[in-house]
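Please read all numbers here as calculations on a predicted model, not as lab measurements. Labels below follow one simple rule: chain letters A, B, ... track the order of the sequence lines, proteins then strands, and each chain is numbered from 1.
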There are 2 protein chains.
Amino acid sequence: MPSTYRRPLRLANPADRPHPTGRIGTDRPMGRPTAVNPPPPAKPTRKDALSNRERILTVARTALAESSSASLTAIAKQAGVGIGTLYRHFPTREALVMELYRHDIQRLIDRAPELLREHPPLEALRLWFDEIAHYGRLKYGVAEVIHAATNGGRDDENYAPFVRAIALLLDAGAADGTLKPGLDPEDVLLQLSVLWRIDPARGGEERARRILALVVDGLRAAPDA
Amino acid sequence: MPSTYRRPLRLANPADRPHPTGRIGTDRPMGRPTAVNPPPPAKPTRKDALSNRERILTVARTALAESSSASLTAIAKQAGVGIGTLYRHFPTREALVMELYRHDIQRLIDRAPELLREHPPLEALRLWFDEIAHYGRLKYGVAEVIHAATNGGRDDENYAPFVRAIALLLDAGAADGTLKPGLDPEDVLLQLSVLWRIDPARGGEERARRILALVVDGLRAAPDA
DNA sequence: GAATGAAGCGGAGGGCCCTCCGTTATGCCT
DNA sequence: AGGCATAACGGAGGGCCCTCCGCTTCATTC
């Protein structure tokens, strides 16, 4: 019987909070970029580091699947690694979760242009939203992206592509006149953040769909113009 | 120099979390209701309890105004009261904040019927949203209400009236055909929860207004029906 | 005014988050 | 092979949240 600790889940003014910085792979003065040399989230070069990273991810995947609020301490322990190591690899909880969802998120991002090729913009947007609503993992993935970005994390790594995907859809809709022109993709992204506040147990999916439909309607061009 | 603790602000599946229960005023077997006898949030009867409660509120008001994420520990200490006492009075952080915002929230709720008397429904809804966007305190107050409710708190105490206020506006709009019929007020409330994710520092107010405008448009009756 | 029982107090205790930094061990170079 | 610089490790430490429960102090009764 674990404990009865109820996770904070604070509701703080974003402006209050400092912001974290990852470190792995950054210590190196980074001589001439060898080939593929993505900045902070670069995969560690040392063998032990790499294996640790994998181990953490494996453990985290199952642990977080069971209870999305599993403690990092527990994950570290179960992965046989010090808490400091976990943080070295994933400077924030979001970073860890993001890594787990990265594939799903990326697939979602890729879907935007695909859908646009197969459907008219408005329809594409609808379908895209549907995918988000349908796959719980995507919902939480999206939530993480928004969350990280909102908290001043400047987590452009994952945030920017997402915004671009939305912008793509919005622009297409603006071009053919079905959506309002000049919409801010970040506004829309923010509206999606509602999704993770929905209790999935109590008619979650249904509610999610309803709300997304409302959002789409809000984005449509005013027909009386 | 305080500390560098970065508040969790977790992003957990609501279903994972147990839920708290207040206690003050509930120990008494509550004989025949004396007159005004609201259930749990009843004001304590003992003199010391009452003064403590006031003291906590006073301290909390200024502390939270300074930094919306002030620690409860600090507040308790500053109020010259044990942490246990603080929790006895306000079983959760939301409860405390809610109490501070109670007046503002109540005023906002009261505004709904007032606005409906003075304006057509759609306009009333717009104005109501404007008030939320404009007063930061309301924004955070609203956030707390939603937050508490969303976390299975069944915090009907504050949640229900709010939902009713929205329902009022929606019904009026449905009646005169400017809003969609059959809208779920809780869906709308949930959409408002976006507001507190907006960083107030970076063009917050402007963004809030934009998004609220989108929300309203989403609620409007489809003119092509 | 004393007795008494329950409301209320308060802080220890368990759990978590995250940072810091002394220690370890790996990759690379000679 | 041996040495070295340093990437990476890991856990102590400081801070926070929240619960539990023995002790204190009102308020009420006699």
Side-chain angles (χ1 to χ4, degrees), chain A residues 1-12 16-31 34 42-53 55-56 67 69-77 79-96, chain B residues 1-12 17-31 42-53 55-56 67 69-77 79-96:
Chain A
M1 168 131 303
S3 93
T4 174
Y5 172 75
R6 194 156 67 86
R7 207 169 291 295
L9 212 178
R10 295 300 314 295
L11 180 68
D16 279 341
R17 327 176 64 241
H19 100 247
T21 40
R23 232 167 33 272
I24 213 161
T26 320
D27 292 7
R28 167 101 43 104
M30 65 168 70
T34 6
K43 280 194 178 163
T45 40
R46 260 170 61 168
K47 194 169 37 176
D48 55 342
L50 206 103
S51 95
N52 276 338
R53 180 193 164 86
R55 207 139 15 91
I56 292 172
S67 162
S69 62
S71 91
L72 296 189
T73 308
I75 291 178
K77 190 164 298 178
V81 75
I83 184 64
T85 299
L86 189 154
Y87 272 92
R88 166 167 279 265
H89 282 281
F90 306 99
T92 159
R93 186 193 194 77
E94 280 89 28
L96 175 56
Chain B
M1 169 129 303
S3 95
T4 174
Y5 172 74
R6 194 157 66 87
R7 207 169 292 295
L9 215 179
R10 297 299 314 293
L11 181 67
R17 328 175 65 242
H19 99 247
T21 41
R23 233 167 33 273
I24 213 160
T26 322
D27 292 6
R28 167 101 42 103
M30 67 167 71
K43 282 197 177 162
T45 40
R46 261 171 60 169
K47 194 169 35 174
D48 55 343
L50 205 103
S51 94
N52 276 337
R53 181 192 162 86
R55 207 138 16 91
I56 292 172
S67 162
S69 61
S71 90
L72 296 189
T73 308
I75 291 177
K77 189 164 299 179
V81 76
I83 185 64
T85 299
L86 189 155
Y87 272 92
R88 166 167 278 267
H89 283 280
F90 306 99
T92 161
R93 188 194 193 75
E94 281 89 29
L96 175 55

Using whole Å, report how far CZ of B:R55 lies from C1' of C:dC9.
12 Å
In whole angstrom, what separates B:Y87's OH from D:dC16's P?
11 Å
Closest heavy-atom contact between B:F90 and B:I56?
CE1-CG2, 3.8 Å
Contacts of A:T73 meeting side chain to side chain donor-acceptor pair (under 3.5 Å) (sequence neighbours excluded), chain-then-number -> none
Looking at every heavy atom in both A:A74 and A:S71, which two are closest together, and how far apart are they?
N-OG, 2.9 Å
What nucleotide, of D:dA12, D:dC17, C:dG11, holds the atom closest to the side chain of A:I83?
D:dA12
Suppose we screen for salt bridge (charged side-chain N to carboxylate O under 4.0 Å, His left out). Which residues come up paired with A:R46, at least two apart in sequence or across chains?
A:D48
Would you say a side-chain N or O of A:S71 is under 4.0 Å from OP1 or OP2 of C:dC16?
yes
Below 4.0 Å: OP1/OP2 of C:dG10 and any side-chain N or O of B:T85:
yes
From CD1 of B:I75 over to P of C:dG10, roughly how many Å is that when rounded to an integer?
16 Å
Just the table, please: protein N/O against nucleotides 28-30 of chain D N/O, every pair under 3.5 Å.
none

Rounded interatomic separation in angstrom, taking NZ from A:K77 and C1' from C:dG15:
11 Å
Report yes if some heavy atom in the side chain of B:R55 is under 4.5 Å from a heavy atom in the side chain of B:N52; otherwise report no.
yes
Nearest whole Å is fine: how far is D:dC18 P from B:L72 CG?
7 Å
Presence of A:N52 side-chain N/O under 4.0 Å of D:dC9 phosphate oxygens OP1/OP2:
yes
Reading nucleotides 23-30 of chain C 5' to 3', which nucleotides get B (base under 4.0 Å from a protein heavy atom), which S (sugar-phosphate only), which -?
---SS---
Integer-rounded Å distance: D:dC17 P and B:L86 CG
10 Å
Please report the distance, rounded to the nearest Å, between CG in A:L50 and C1' in D:dC9.
15 Å
Rounded distance (Å) that lies between atom P of C:dG8 and atom CZ of B:F90
13 Å
